[in-house]
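Below you'll find the structure, written out as structure tokens, and then a few comments.
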Amino acid sequence: MVVYTPFWNTLRSSGESTYTLIKNHHISSSTIDKLRHNKPLNTTTINDLCRILSCKVEDILLYIPSGDDQIL
């Protein structure tokens, strides 16, 4: 399971806010909602967040193994 807990910590320390992400960087409110609820994001969005926040992917998301993971 992918969780976005690191994103919220990174956002807090960046000087940005959800408001500035939406208003200044054109990140949609639905993307913010996906982050809040650990819903899937595409890699383009993750790339945009890393660029805006000047961070690495691991500063945005964390993978936690879960029994709900799809078996391949």
Side-chain angles (χ1 to χ4, degrees):
M1 172 180 196
V2 172
V3 296
Y4 300 106
T5 308
F7 166 77
W8 298 106
N9 297 328
T10 302
L11 183 65
R12 255 184 244 105
S13 65
S14 74
E16 298 284 348
S17 66
T18 55
Y19 177 82
T20 62
L21 290 178
I22 293 167
K23 294 297 178 186
N24 299 341
H25 301 288
H26 310 290
I27 300 295
S28 71
S29 58
S30 65
T31 296
I32 301 299
D33 189 62
K34 288 177 182 180
L35 288 160
R36 281 191 178 110
H37 296 98
N38 296 317
K39 300 291 182 188
L41 294 177
N42 66 46
T43 55
T44 302
T45 301
I46 294 168
N47 183 75
D48 291 344
L49 291 170
C50 287
R51 179 181 44 77
I52 293 164
L53 299 174
S54 299
C55 67
K56 299 176 183 177
V57 172
E58 54 268 27
D59 297 327
I60 300 288
L61 60 89
L62 175 66
Y63 171 71
I64 300 172
S66 167
D68 294 334
D69 287 343
Q70 180 181 352
I71 308 251
L72 301 175

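Reckoned from all heavy atoms, side chains included, excluding hydrogens, waters and symmetry mates. Predicted model, so just to flag it, every value in this text is computed and none were measured.
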| Are Met1 and Leu61 connected in a single hydrophobic cluster, I mean Ile/Leu/Val/Met/Phe/Trp/Tyr linked by side-chain heavy atoms less than 4.5 Å apart? | no
| said: Taking side chain to side chain contact (heavy atoms under 4.5 Å, CB included) as the definition, give me every residue that meets it alongside Ile32, ordered by chain and number, with sequence neighbours left out. | reply: Trp8, Thr18, Leu21, Ile22, Ile27, Leu35, Arg36
| Atom CD of Glu58 and atom OG1 of Thr10: how far apart are they, to the nearest 0.5 Å? | 9.5 Å
| query | How many angstroms lie between OG in Ser30 and NZ in Lys39, if you round to the nearest 0.5 Å? | reply | 13.0 Å
| task | Enumerate the residue pairs fulfilling side-chain hydrogen bond (donor to acceptor under 3.5 Å, both in side chains) with a member in residues 40-55, sequence neighbours excluded, ordered by first and then second residue. | result | Asn42-Thr45
| note | NZ of Lys34 to OG1 of Thr31, rounded to nearest 0.5 Å, is 5.5 Å
| note | Exactly one candidate in Ile46, Ile60, Leu41 meets side chain to side chain contact (heavy atoms under 4.5 Å, CB included) with Phe7; the answer is Ile60
| query | For the side chain to side chain contact (heavy atoms under 4.5 Å, CB included) test, which of Leu53, Leu49, Asp59, Ile52 pairs with Leu11? | reply | Leu53
| field | ILVMFWY cluster membership beyond Tyr19 - transitive side-chain contacts under 4.5 angstrom | value | none
